[in-house]
Amino acid sequence: MSTLYSSCIRALILLTVLSDIDGYFLHFQRECRYTSKDLHDIEFIERRIFNKLEYGRYNSSLNEFIGYTEFGVYNAERLNADPAALASMLSNRDGYCKSNAEKYYPNMLDKTVEPSVEIVSSHPATSKHPAMLVCSAYDFYPQGIKVTWLRDGEEVTSDVTSTEELADGDWYYQIHSYLEYTPKSGETISCKVEHSSVPQGKVVNWDSSMPEAERNKVIIGASALVLGLIITIAGVVYYKKKSTGRILVPSS
Ligand SMILES: *[C@@H]1O[C@H](CO)[C@@H](O)[C@H](O)[C@H]1NC(C)=O
């Protein structure tokens, strides 16, 4: 949650004036900046930018225009001397920023989506290498997740590596945590995920029985073997019968 509130929310309104295809570009960029839900620190900024250069800015925390170029300074002094201009800019802080920000919390910022969590075996143990399990949490929102491994309920701290929280590009995130371990029979390995969408945490146990795809391969292989045996036996029996028959004919 905290990462969410500390992230800076910007609302942009681009007032653009484009004089020609390869001409000049003037734009005003409005930002509402806040880090706390009670909005006590909300700040309204209007940047005035000409050909990518910000020449002046209004900052509601100062209730002042600031100039960054000769033209910007000239404008800032002129506007700062005009109480009506300042009052009208300041009114955006409450009238525009606050009223919008209040709507973003219930509709966007407070929304959470629970991840789907699964454990897969990346490679089984061999005499040389320990086994590796991957715990993946998919499609969660927002960012800010904790993935831990448990062996018989005890948190594992060594031999654990993890990816960053990866953005899917569609507002969702995913993360993968890797556990290297030497299997012990009878133990329970679980992956615990803590996220704002599941306050009580979500625990998934590793099912070390064969995954379905593997099981299917074994079943298909075994069936083929049995079928092959039946055909072979039938062939041998048929051959024996025929050859005995042929041998019998001349001897009779
Ligand atoms: C606006 O002014 C306040 C007070 O000086 C400052 O802390 C803040 O960083 C300024 N914001 C921007 C975007 O310049």
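Residue numbers start at 1 and run along the sequence shown. Counting starts at 1 for both ligands and their atoms, following the listed order. The shown structure was predicted, so the numbers you read here are calculated from the model rather than taken from an experiment.
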Requested in this report: Find all atoms of ligand 1 within a distance of less than 4.0 Å from any non-hydrogen atom belonging to E43, and give their numbers and elements.
Outcome: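 Listed by number with element, the hits are 1 (C), 2 (O), 3 (C), 8 (C), 10 (C), 11 (N), 12 (C), 13 (C).
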
Report task. May I ask you to list the atoms of ligand 1 that are less than 4.0 angstrom from any heavy atom of I45? Result ->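 Ligand 1 atoms under the 4.0 Å threshold to I45: 11 (N), 12 (C), 13 (C).
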
Query raised in the report: Hey, does the side chain of E165 reach the backbone of G144 with a donor-acceptor pair shorter than 3.5 angstrom?
Result: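 Indeed, once roles are kept as given, a pair shorter than 3.5 Å links the two residues.
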
Requested in this report: Could you walk me through whether I66 and Y58 pass the side-chain contact (heavy atoms from CB on, under 4.5 Å) test, one step at a time?
Outcome: CA-CA 6 Å; I66 308 152; Y58 170 80; over 6 Å; no

**Report entry** ligand 1 contact on R57 by region, counting heavy-atom pairs under 4.0 Å
**Finding:**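 The side chain, only.
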
Report task. Distance to 0.1 Å, residue and atom name: give those for the protein heavy atom nearest to atom 1 (C) of ligand 1. Result ->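 The protein heavy atom lying closest is N59 ND2, 1.5 Å.
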
Report task. Could you find the nearest protein heavy atom to atom 5 (O) of ligand 1 and give me its residue, atom name and distance? Result ->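 Among all protein heavy atoms, the one nearest atom 5 (O) of ligand 1 is L62 CD2, 3.4 Å.
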
Query raised in the report: Between F44 and Y96, how do the two ring planes meet: parallel, tilted or perpendicular, split at 30° and 60°?
Result: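 Plane angle over 60°, so perpendicular.
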
Query raised in the report: Any protein heavy atom lying closer than 4.0 Å to atom 9 (O) of ligand 1?
Result: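 So atom 9 (O) of ligand 1 lacks protein heavy-atom neighbours under 4.0 Å.
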
Query raised in the report: Going through the distances and angles, do R78 and F65 end up as a side-chain contact (heavy atoms from CB on, under 4.5 Å)?
Result: CA-CA 9 Å; R78 186 177 57 83; F65 285 88; over 6 Å; no

Query raised in the report: Checking side-chain contact (heavy atoms from CB on, under 4.5 Å) for the pair V113/S197: CA distance, chi angles, key distance, verdict?
Result: CA-CA 6 Å; V113 181; S197 60; 5.9 Å; no

